Chemist: 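Okay, handing you the structure first.
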Amino acid sequence: MSDETNGCTGRVLVLVLPEVNLLDLGGPVQVFDAAAHFGGGYRLEYVGEADGLRSAQGLQLAGLAPLPTTRPTAGDLVLVPGPRLTGSDRLVEPAVVRWVREAYDAGARVASVCTGAAVLGEAGLLDGRFCTTHWSLTSAMRERYPRARVREAALYVHDGRISTSAGISSGIDLALSLVERDRGPELAARVARELVLYLRRDGDATQISPFLLHRDHVQPAVHRVQDHLAQHLDAAFTLRELAGVAGLSPRGLTRAFTAVTGITPFAYQRQLRLERARCLLSGTDLTVEAVAARCGFRDARQLRRVVAEAFGVPPSRLRAPLRPTA
C-alpha cells in the first residue's frame, strides 16, 4: 500500500453537482458499493451545495447532505463526478471550490471523473500535477490551468492524493484502481467480475482501447466476428470458420470487415491479442509463457517478437511501466 493510501478510512464523499452526468456518478459509485458488499469497508455519502439537483440527463437527485455540515478528514476520499459544463467563466460555484480545497487541506484524497477535473483545477489542486480529463477537453484544460500537467494518452492518473480520469466510463477504471490501491488486487478483481467488466484497463492504456476501436459501425455480421475473436483470444480460427460466424462467404467477410474497419479480421485479432498481452504483462505476475498461451501466441518467443515490434520494448519493460511523479 502506498503512502498516498495509508490510513484510508473507507469513507467516500460523493460531491454531486448540478447537471452531473449519470454514468460519471453511477459507475464509480457502484464499484465502491460492490467493494463494500465484499467486505471492503467503504461507506458512501452524497453531498451537494443544494438538495434537489437535476442531472444532465434530467433525473432529479435528492437527499444530499449540505456541504457546510460535511467535514472530510484525513484518509477520506472525495469523489467528483463530471457535470455538463456550460462554458461560462465561472465553471463551479465558489462554495464548492472552497469545500474541495479544504477537504484536500484536511488530508482527504480527491478524485475526479471526466469534467470533474475542472473542480480540481478551479481549486488549484492540479497545479504542478499530472492529470487527465476527457479527450475533447485536454486543450481547454491546458489553457485554463497552465500549471497543470495534462496527459492525453491515459485513462486515469494518480499523482499523490489527487486522481483524475478521462471520459465517462473511465471513471469505473479509476474506481477499480482506487479499490486496488486501498484493499488489494484480489478485491478489485472480484468487483470487476461482479460488474461483468470484460477487461480492466490500466491508467496508461489509451483512451480508446483496441477492444473498442473499429466498433463504430452497424454491420451485425462484422460485430459477431469481432465479439467472437474478443471472447476467444487463445483460439486459432481459419477465415472459413470466421465466415461461418458471420454467415458470409470467406470473401464476403473479408470485404465487409475491411469496408467498415479498415483492417482484416486477422489484423484485428492481432490488435486484441497484443492489448490483452500488454494488460496481463503489466497487471499480473503471469509468466511470459502463460501470457502467450492465454493470448493465442504460439510460444513466448513469438510473443516477445510481436511485443517488441508493436511497443518498441521487450515484455520485461511492460512489467513495471514508468509512472510520472511530481
Side-chain angles (χ1 to χ4, degrees), residues 1-6 8 15 17 21 24 28 72 74 76-83 85 87 89-92 96-178 180-182 201-209 278-279 282-283 311-313 317-326:
M1 189 177 294
S2 69
D3 291 341
E4 291 80 4
T5 57
N6 280 339
C8 167
L15 176 58
L17 300 172
N21 285 296
D24 286 12
D76 290 349
L77 172 65
V78 173
L79 178 67
V80 187
L85 298 178
D89 288 338
R90 192 165 83 173
L91 299 180
V92 188
V96 173
V97 173
R98 184 166 55 252
W99 185 85
V100 170
R101 181 74 222 189
E102 290 174 353
Y104 180 79
D105 290 342
R109 295 175 296 160
V110 183
S112 66
V113 181
C114 196
T115 57
V119 179
L120 279 59
E122 297 297 295
L125 299 182
L126 302 182
D127 291 352
R129 293 188 180 276
F130 286 97
C131 59
T132 193
T133 187
H134 191 278
W135 60 267
S136 66
L137 299 173
T138 53
S139 295
M141 281 275 290
R142 290 191 179 96
E143 182 176 348
R144 190 172 180 96
Y145 314 116
R147 295 185 60 194
R149 307 169 74 177
V150 183
R151 298 183 61 196
E152 293 187 17
L155 287 170
Y156 56 83
V157 177
H158 299 297
D159 193 328
R161 287 188 286 120
I162 299 296
S163 300
T164 51
S165 72
I168 315 297
S169 64
S170 61
I172 297 173
D173 299 296
L174 172 65
L176 282 169
S177 176
L178 289 167
E180 183 169 359
R181 286 157 65 95
D182 292 347
R201 301 176 290 179
D202 68 39
D204 287 328
T206 56
Q207 291 196 20
I208 304 180
S209 163
R278 189 190 64 78
C279 289
S282 64
F311 303 119
V313 295
R317 287 289 301 278
L318 298 180
R319 287 293 190 190
L322 296 176
R323 296 187 183 274
T325 57

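Not measured: the values here are computed from a predicted model.
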Chemist: Do Ile162 and Leu126 come within less than 4.5 Å of each other through their side chains, counting heavy atoms only?
Modeler: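 Yes, side chains in contact.
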Chemist: For Asp127, what residues pass the side-chain hydrogen bond (donor to acceptor under 3.5 Å, both in side chains) criterion, not counting sequence neighbours?
Modeler: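 Counting only residues at least two positions away or on another chain, Asp127 forms no side-chain hydrogen bond (donor to acceptor under 3.5 Å, both in side chains).
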Chemist: Donor-acceptor pair, Arg278 side chain versus Leu318 backbone, under 3.5 Å?
Modeler: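 Such a contact is absent between Arg278 side chain and Leu318 backbone.
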Chemist: Would a 4.5 Å heavy-atom cut-off, applied to side chains only, mark Glu122 and Arg101 as touching?
Modeler: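 No, side chains not in contact.
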Chemist: Using every non-hydrogen atom in the two residues, find where Arg161 and Gly107 come nearest and quote the distance to one decimal.
Modeler: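 Of all heavy-atom pairs spanning Arg161 and Gly107, the closest is NH1-C, 3.2 Å.
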Chemist: Hey, could you give me the CG/CG distance between Leu125 and Asp105, rounded to the nearest 0.5 Å?
Modeler: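 If I round to the nearest 0.5 Å, the distance is 7.5 Å.
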Chemist: Taking the side chain as every heavy atom from C-beta outward, state whether Ser139 and Leu137 have any atom pair closer than 4.5 Å.
Modeler: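 Side-chain contact under 4.5 Å: no.
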Chemist: If you measure from CD1 on Ile172 to OG on Ser177, what distance do you get to the nearest 0.5 Å?
Modeler: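 Between atom CD1 of Ile172 and atom OG of Ser177 there are 13.5 Å.
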Chemist: So which atom in Leu79 and which in Pro28 form the shortest heavy-atom distance, rounded to 0.1 Å?
Modeler: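 Of all heavy-atom pairs spanning Leu79 and Pro28, the closest is CD2-CB, 3.9 Å.
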Chemist: Any side-chain to backbone donor/acceptor pair from Thr115 onto Pro83? Under 3.5 Å, distance only.
Modeler: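 Looks like yes, one N/O pair under 3.5 Å.
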Chemist: Find the distance between CG (Leu120) and SG (Cys131) and round it off to the nearest 0.5 Å.
Modeler: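 Here the interatomic distance stands at 8.5 Å.
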Chemist: Can you confirm whether Pro72 sits close enough to Tyr104 that some side-chain heavy atom of one is under 4.5 Å from a side-chain heavy atom of the other?
Modeler: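 Not in contact.
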Chemist: Could you pull out the closest heavy-atom pair between Ser112 and Thr164, with the gap in Å?
Modeler: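 Scanning both residues, the minimum pair turns out to be OG-CG2, 3.2 Å.
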Chemist: Identify the heavy atoms of Ala117 and Met141 that sit nearest to each other, and give their distance.
Modeler: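 The answer is CB-CE, 3.9 Å.
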Chemist: In chain order, what residues pass the side-chain hydrogen bond (donor to acceptor under 3.5 Å, both in side chains) check against Ser163, with sequence neighbours excluded?
Modeler: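 With sequence neighbours excluded, Ser163 shows a side-chain hydrogen bond (donor to acceptor under 3.5 Å, both in side chains) to His158, given in chain and number order.
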Chemist: Ignoring hydrogens and geometry, is there a side-chain-to-backbone donor-acceptor pair from Thr133 to Ala166 under 3.5 Å?
Modeler: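 Not at all, since once roles are kept as given, no pair shorter than 3.5 Å links the two residues.
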Chemist: If you measure from CG on Asp24 to NE2 on His134, what distance do you get to the nearest 0.5 Å?
Modeler: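 One finds 9.0 Å between CG of Asp24 and NE2 of His134.
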Chemist: Report the residue from Asp159, Asp182, Asp76 that forms a salt bridge (Lys or Arg N to Asp or Glu O under 4.0 Å) with Arg109.
Modeler: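 Passing option: Asp182.
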Chemist: Identify the two heavy atoms, one from Thr132 and one from Tyr156, that lie closest to each other, and give their separation to 0.1 Å.
Modeler: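 That would be CG2-CA, 4.1 Å.
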Chemist: Ala111 and Leu174: which non-hydrogen atoms are nearest, and at how many Å?
Modeler: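 Residues Ala111 and Leu174, closest heavy atoms: CB-CD2, 4.2 Å.
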